[in-house]
Amino acid sequence: MNKLSVMGCVLVGSIITVGCSDSDAPVSWDIGDPTETTYPEDYYAGGKLGTTSVNTATAYEQPTKAVENAGMMTAFNEGEYLFEKDYNTNTSGAFHGLGPVAVRRGCLYCHPGYGHGGRQTTYRTDQNTKNGYLLVIYDKTTNAYIRSVAGMPQTIAIEPFKAPIDETKIKIAWENYTDEWGNKFPDGETYSLIYPEVTIPYSAYYAPIMVQRGGVDVELDEAAYNNEVGVLLESTIGIYGTGLTDAIPDDSITEQWLKESKFYNSIGKTDALNPAMWDQSTNTWKSYYSNSVQGDGTKYVRRYTYAMSRGPLLDAAGSNAIWNITNVTRSDRRYHYLDLAGKYYATTSANDPEVQAGFTEYINRVDPDKNHPEWHTGNLQSDIYTYLTSKSLDVEMTDAQYKNFMIWHRGLAVPAARNTTTADFKAGKALFTQIGCANCHRPSWQTGDDVIQDPNNFLTSNDVPRYPHQKIWPYTDFVQHRLWMKNDIRTGWCRTTPLWGRGLAAKCSSGVERLHDCRARNVLEAIMWHGCKNEGGTSDAYNTVVKFRALSKEQRDQIIYFIESI
């Protein structure tokens with residue numbers, strides 16, 4: 001795709017009026033002049049090296065100035081190509097290697113317009129319309145994922161293999177929710193709140209349903225499954241700007257956790273931070289991210305995904321997904337992504353007569369020269385299991401391709417803030433801080449020297465674009481908080497999601513919905529979901545929502561306008 005120059009095509013001092021189907025989006029887009037030193041610093045959402053002034057339908061797809069400065073545009077474009085195309089079952093070519101099971105055939109299904117997934121009423125893998133949902137199937141007793149499907153469960157299989165879950169049996173129902181204020185502001189304005197109920201019947205699973213209790217895997221029967229296993233949805237978030245947040249030093253994120261820990265301790269709220277991540281009694285990390293499989297086990301501060309399951313970007317969601325979403329192998333991932341235990345899908349497949357009947361044809365196509373004789377012994381049960389659990393699969397994505405993919409991933413710019421010179425933006429910004437939104441959605445951060453950290457020990461500082469000493473405006477504290485919503489996220493703890501650039505979602509054909517499962521159809525609903533109070537607990541943002549409710553409609557609209565503009 002032909003990219004526009006970063007900070008180029010600037011319409012100096014102009015106001016562009018656009019038509020937009022999203023009634024909550026601002027209708028004016030103040031681009032401004034980025035060469036003016038007096039222009040507000042928060043215009044540069046990604047700093048001078050990471051901001052693009054492009055605000056068209058391709059706003060999320062632009063390269064940073066750092067990519068251009070490093071002479072990496074060709075690699076960036078090749079990485080983008082890998083992101084945008086579907087993978088297939090061929091045994092050669094740029095996009096071969098899909099399967100034997102997969103979550104999606106390509107990246108754009110989950111990241112429409114490079115942004116956030118959109119709300120869905122059905123779960124269909126090949127539905128290519130803002131289809132960012134991933135299934136969360138967990139043991140209610142421990143909050144851990146069940147063992148017999150992958151952490152990101154698959155619903156695609158390549159013949160003769162069968163899907164781990166029959167997606168035609170997955171049901172999504174949207175239910176209405178009424179908050180303690182009756183979904184109504186004191187001045188009479190009303191709003192609607194909805195949340196998803198997701199069900200998967202016992203019969204939809206291919207392998208036995210296993211959970212771990214006391215360190216031992218236990219199989220559940222249908223009655224136990226119905227009582228003890230929960231199903232939720234999580235939607236993908238935008239991928240632009242993640243290279244910039246990767247450049248924030250670990251020490252700075254630790255400092256933020258420490259600051260919040262001390263504050264909560266000072267007011268006697270000793271359970272305010274996730275005890276699995278942070279020890280409030282000692283003000284120290286309880287858990288770090290490390291990779292001892294591809295890397296050397298070095299510990300890093302966690303910063304990515306809702307669950308903060310990942311550390312540095314080069315071994316975070318994108319690096320992992322380009323392998324496990326499609327099951328396309330690379331030199332450091334020469335094995336299939338099947339289930340958390342690594343054996344239940346393989347065992348079930350090996351004993352399936354229909355899989356056995358088609359396996360010889362399949363394996364002869366995958367390995368025609370019989371470079372892996374252990375897959376061709378004639379003992380179908382053994383051959384299938386050995387193939388599915390192999391740690392020495394052929395490499396399907398080359399090292400050069402993976403490097404280019406990560407150059408692209410770390411090289412995506414952040415759209416400049418819009419409307420920054422308007423009175424409504426300035427008023428909304430002041431109110432955003434005044435009522436407490438900025439306590440969790442911390443506006444700005446400073447990047448460090450940006451010495452590249454790769455837990456895989458695959459890439460170095462010279463391999464990808466870097467963003468040293470930039471002031472950036474992601475609007476997140478990188479801390480987990482609890483909102484206590486109906487059918488909340490697994491564990492109840494969710495990392496504060498960055499807000500930058502989201503106001504362009506409609507223009508970029510990305511999902512305009514907010515929150516982890518797209519339950520909020522607009523910014524107003526997202527704010528009001530922050531005000532939950534029930535028998536489980538009180539949202540960390542409850543008092544902020546109380547203050548939001550006390551504002552006039554004009555002031556509430558100014559906050560929304562600001563959020564849509566940053």
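All residue numbers refer to positions in the sequence shown, counting from 1. Since the model is a prediction, treat every value here as computed from it, not as a measurement.
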May I ask you to decide if the ring planes of W445 and F478 are parallel, tilted or perpendicular, using 30° and 60° as cut-offs? perpendicular
Ring-face cation of R490 near Y145 (centre distance under 6.0 Å, axis angle within 45°): yes
Taking atom types as modelled, find out whether Q480 and N274 have a side-chain donor-acceptor pair closer than 3.5 angstrom. yes
Kindly compute the distance separating CG (L82) from CE (M406), expressed to the nearest 0.5 Å. 12.0 Å
Verify the distance criterion only: is there a donor paired with an acceptor across the side chains of N320 and D315 at less than 3.5 Å? no
Side chains of Q446 and Q470: any donor to acceptor distance under 3.5 Å? no
Quick one about T74 and E78 (side-chain donor to acceptor, distance below 3.5 Å, no hydrogens or angles considered), yes or no? no
Determine yes or no for a side-chain-to-main-chain donor-acceptor pair under 3.5 angstrom, with S349 supplying the side chain and Y345 the backbone. yes
Is the distance from the ring center of F95 to that of Y81 below 6.0 Å? yes
Pair Q256, D477: side-chain N/O donor-acceptor within cut-off below 3.5 Å: no
Using 30° and 60° as the class boundaries, would you call the ring planes of W278 and W285 parallel, tilted or perpendicular? perpendicular
If you count every heavy atom of other residues, nucleotides or ligands that lies below 6.0 Å from E255 atom CD, does the total exceed 12? no
Is the shortest heavy-atom distance from the side chain of T326 to the side chain of R104 under 4.5 Å? no
Between S148 and P208, is there a donor-acceptor pair closer than 3.5 Å when you use the side chain of the first and the backbone of the second? yes
Applying side-chain contact (heavy atoms from CB on, under 4.5 Å), run through D217 and Y344 and close with a yes or a no. CA-CA 11 Å; D217 284 0; Y344 294 115; 2.7 Å; yes
Is it true that a side-chain atom of N351 and a backbone atom of T347 form a donor plus acceptor pair closer than 3.5 Å? yes
Just to verify, what does D450 make a salt bridge (Lys or Arg N to Asp or Glu O under 4.0 Å) with, not counting sequence neighbours? R410
Evaluate V479 against L273 for side-chain contact (heavy atoms from CB on, under 4.5 Å), listing each step before the verdict. CA-CA 8 Å; V479 176; L273 301 179; 3.7 Å; yes
Could you tell me if the side chain of Y300 sits less than 4.5 Å from the side chain of Q453, heavy atoms only? yes
Any luck finding a side-chain donor-acceptor pair between N404 and Q401 under 3.5 Å? no
V198 pairs by side chain to side chain contact (heavy atoms under 4.5 Å, CB included) with which of I137, I170, D517, V136? I170
Between the main-chain N or O of T89 and the side-chain N or O of R365, is there a donor-acceptor pair closer than 3.5 Å? yes
Those residues that, when tested against D352, pass salt bridge (Lys or Arg N to Asp or Glu O under 4.0 Å) (two or more places apart): K162
How about T155 and E167: does a side-chain donor come under 3.5 Å of a side-chain acceptor? yes
Tightest non-hydrogen contact, residues G297 and S292, listed as CA-OG, 3.5 Å
Does Y467 reach the main-chain N or O of I472 with its side chain, forming a donor-acceptor pair under 3.5 Å? no
Are S261 and N283 linked by a side-chain donor-acceptor pair shorter than 3.5 Å? yes
Under a plain distance cut-off of 3.5 Å, with no hydrogens placed, do D139 and Q212 share a side-chain donor-acceptor pair? no
Below 4.5 Å, heavy atoms only, C-beta onward: do R519 and P196 meet side chain to side chain? yes
Between Y240 and Y114 (judged by ring centroids, cut-off 6.0 Å), do the two rings come close enough to count as a pair? no
Rounded to the nearest 0.5 Å, how far does OG1 of T329 lie from CE of M397? 9.5 Å
State whether the side chain of Y60 and the backbone N or O of P415 hold a donor-acceptor pair below 3.5 Å, judged by distance alone. no
D383: partners by salt bridge (Lys or Arg N to Asp or Glu O under 4.0 Å), with sequence neighbours left out: none
Ignoring hydrogens and angles, state whether a donor on the side chain of D86 or Y109 is under 3.5 Å from an acceptor on the partner side chain. yes
In terms of ring plane angle, is the pair Y387 and W375 parallel, tilted or perpendicular, where the classes change at 30° and 60°? perpendicular
Side-chain donor-acceptor contact under 3.5 Å, D394 with H372: yes
Determine whether H376 and D367 satisfy the following criterion, side-chain contact (heavy atoms from CB on, under 4.5 Å), listing intermediate values before the conclusion. CA-CA 9 Å; H376 303 268; D367 186 31; 3.0 Å; yes
Is the distance between the ring centroids of Y304 and Y289 less than 6.0 Å? no
Just so I know, are the side chains of Y402 and R330 near enough to count as touching, which here means a heavy-atom distance under 4.5 Å? yes
Please check this pair: side chain of R303 against backbone of I248, looking for a donor-acceptor N/O pair closer than 3.5 Å. yes
Between the main-chain N or O of A413 and the side-chain N or O of T52, is there a donor-acceptor pair closer than 3.5 Å? no
Mark yes or no for whether R466, through its side chain, and A247, through its backbone, hold a donor-acceptor pair below 3.5 Å. no
Looking only at side-chain N and O atoms, does R302 offer a donor or acceptor that is under 3.5 Å from a partner on Y288? no
Do the side chain of T236 and the main chain of H116 share a donor and acceptor less than 3.5 angstrom apart? no
With the side chain counted from C-beta on, respond yes when M72 and P465 share a heavy-atom pair under 4.5 Å apart, and no when they do not. yes
Rounded to the nearest 0.5 Å, how far apart are OG of S319 and CG of L314? 7.0 Å
Once rounded to the nearest 0.5 Å, what's the spacing between atom NE2 of H441 and atom OG1 of T496? 5.5 Å
Using the rule given for side-chain contact (heavy atoms from CB on, under 4.5 Å), can you reason through T242 versus H409, listing the C-alpha separation, both sets of side-chain angles and the distance that settles it, and then say yes or no? CA-CA 8 Å; T242 44; H409 191 3; 3.4 Å; yes
Is any side-chain heavy atom of L135 closer than 4.5 Å to a side-chain heavy atom of L233? yes
Using only heavy-atom distances, determine whether the side chains of D399 and S331 contain a donor-acceptor pair under 3.5 Å. yes
Please report the interatomic distance CG(D42) to OG(S444), rounded to the nearest 0.5 Å. 9.0 Å
Euclidean distance, M277 CE relative to D279 CG, rounded to 0.5 Å: 13.5 Å
Residues T460 and N462: side-chain donor-acceptor under 3.5 angstrom: no
Side-chain touch Q294/N457, heavy atoms, less than 4.5 angstrom: no
